Amino acid sequence: MYYFYINEGLFIMIIEFIRSIIIGIVEGITEFLPVSSTGHIIIAESLMKIPGGVVWTKAFTDMFDYVIQLGAIMAVIQLYFTKLNPFTSKKSYRERVATWRLWFKVIIGVLPAVVFGFLLNDWMDAHLMNPWVVAGTLIFYGILFILLETRNEHTKPWLTDLDKMSWKLALAIGFFQVLSIVPGTSRSGATILGAMFLGTSRFVAAEFSFFMSIPVMFGVSILKVGKYLANGGAFTGTQAVVMTIGFLVSWAVAYFAIKFMMRYIQNHDFKIFGWYRIALGILVILLGMFGLLHV
């Protein structure tokens, strides 16, 4: 009897680890594609009956979903470390100055999200985190991507070099990022859409979106973990392992997802992501109608 109990406990723990791996894979693939990682995680967690059980409490799950996004951000730092590092001796003085200017524009760009995110994030999560809002934003921005790319078939971008982006343009793109506070919008989707609407190339829009995610997600993750601990939350051994697995899987998968996306947009537009968002939004509506989603 004792031997069976030990094996049953081990089996349950393995299931929890598998759940974490699945969510990490979903996050890693979708964080930097303009398809809404939130929408995908809602579906994945609902199908796995998360939150629920001893490990996946509501408070832990909410915090976990943000921490694994930080894992995806680590992939950006890894891939663009040299480009983003102003201290390396491998760069000339002029190149280091250009790197500092890039960081200045990134910080300028994230200011709107910091201000509005701090004020509205909890309210948005409490009142708009439901299948209907997520489905609506998925479909709405999917349509916008298709319309924007249709327009761009006859319009060439005027900014194709990230180094030549002005701080005013960076700030304007930052206001588009604020839209991602609404669940289902997609942070990368909002910034890429906004940057392209303002005249940047797909490549510039995607890279600047990646870089803007670094301070935003570091700040949000620290805020969410701090709030979790301040409200009396604590980590069991299993929860700590689950979170570490999700973090590392998200990091590894995002690394390849970013490389895929940057290769893809060299010869393709974002229309396929627009159609995918519409299809996913319809799926969310159907799952919500049948009561298969719980957010």
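What you see is a predicted model; the values in this text were computed from it and never measured. Any value given below was found using the heavy atoms of this structure, including those in side chains, with hydrogens, waters and symmetry copies removed.
- Ring-centre distance between His40 and Tyr276: below the 6.0 Å cut-off.
- Counting heavy atoms from C-beta on, the side chains of Pro112 and Leu171 come closer than 4.5 Å.
- The main-chain N or O of Ser180 is never found under 3.5 Å from a side-chain atom of Arg187 such that the two would form a donor-acceptor pair.
- A heavy-atom distance below 4.5 Å is not found between the side chains of Thr200 and Pro157.
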Problem set entry | Test side chain to side chain donor-acceptor pair (under 3.5 Å) applied to Lys83 and Thr99, step by step | CA-CA 7 Å; Lys83 184 168 186 173; Thr99 304; over 6 Å; no

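- When all heavy atoms are compared, the tightest approach of Ala135 to Ile285 is CB-CG1, 3.4 Å.
- For the pair Val225 and Tyr66, the minimum side-chain heavy-atom distance is 4.5 Å or more.
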Problem set entry | Working for side-chain contact (heavy atoms from CB on, under 4.5 Å), residues Met74 and Phe218 | CA-CA 10 Å; Met74 294 304 296; Phe218 264 100; 4.0 Å; yes

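- Counted by atom type alone, Thr191 and Ser209 present one or more donor-acceptor pairs between their side chains at under 3.5 Å.
- Between Tyr80 and Phe211, the ring planes lie perpendicular to each other; the angle is over 60°, past the 30° to 60° tilted range.
- Distance OH/Tyr141 to OG1/Thr137: 7.5 Å, rounded to 0.5 Å.
- Nearest approach of Pro51 to Thr61, heavy atoms of both residues: CB-OG1, 3.6 Å.
- Panel note: side chain Asn231, backbone Lys227; a donor-acceptor pair is recorded below 3.5 Å.
- Between the side chain of Thr38 and the main chain of Pro183, no donor-acceptor pair closer than 3.5 Å is present.
- Here the side chain of Trp167 pairs no donor or acceptor atom with the backbone of Phe104 at under 3.5 angstrom.
- Salt bridge Lys90/Glu95: absent, no basic N to carboxylate O contact under 4.0 Å.
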Exercise. How far apart are the C-alpha atoms of Ile42 and Val134, what are their side-chain angles, what is the distance that settles it, and do they pass the side-chain contact (heavy atoms from CB on, under 4.5 Å) test?
Worked result: CA-CA 9 Å; Ile42 285 174; Val134 171; 3.7 Å; yes

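- Side chain to side chain, Ser186 and Ser188 meet the donor-acceptor criterion of an N or O pair below 3.5 Å.
- Taking Phe145 as the reference, Phe270 meet the ring pair (Phe, Tyr, Trp, His ring centres under 6.0 Å) condition, with sequence neighbours excluded.
- Nearest heavy-atom pair across Gly281 and Ile139 is CA-CG1, 3.9 Å.
- In this structure, Arg101 contributes its side chain and Asp163 its backbone to no donor-acceptor pair below 3.5 Å.
- In this structure the side chain of Phe210 never reaches within 4.5 angstrom of the side chain of Leu79, judged on heavy atoms.
- Applying the under-4.5 Å side-chain rule to Ile, Leu, Val, Met, Phe, Trp and Tyr, the cluster around Trp100 extends to Phe87.
- Residues Ser20 and Val242 approach most closely at OG-O, 2.6 Å, considering heavy atoms.
- Looking at Trp251 and Gln78, their side chains do bring a donor and an acceptor atom within 3.5 Å of each other.
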Exercise. Should Asp65 and Lys224 be marked as a side-chain contact (heavy atoms from CB on, under 4.5 Å) after you check the CA-CA gap, both sets of side-chain angles, and the distance that decides it?
Worked result: CA-CA 10 Å; Asp65 290 345; Lys224 291 295 182 178; over 6 Å; no

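- Shown here for Ala190 and Gln177, the closest heavy-atom pair between the two residues is CB-CA, 4.4 Å.
- Looking at Ser250, its side chain does come within 3.5 Å of a backbone N or O of Ile68 through a donor-acceptor pair.
- With hydrogens and angles disregarded, no donor-acceptor distance shorter than 3.5 Å links the side chain of Thr160 to the backbone of Ser201.
- Contact detail for Ser36 and Arg277: the closest heavy-atom pair is N-NH1, 3.9 Å.
- Counting heavy atoms from C-beta outward, Ile173 and Met165 have side chains that approach closer than 4.5 Å.
- Between the side chains of Trp56 and Gln239, no donor-acceptor pair of N or O atoms lies under 3.5 Å.
- Taking the charged nitrogens against the carboxylate oxygens, Glu207 and Arg202 have no contact shorter than 4.0 Å, which rules out a salt bridge.
- Residues Pro215 and Val106 are in side-chain contact: their nearest non-hydrogen atoms beyond the backbone lie under 4.5 Å apart.
- Atom CG in Leu144 sits 12.0 Å away from atom CD in Glu149 (nearest 0.5 Å).
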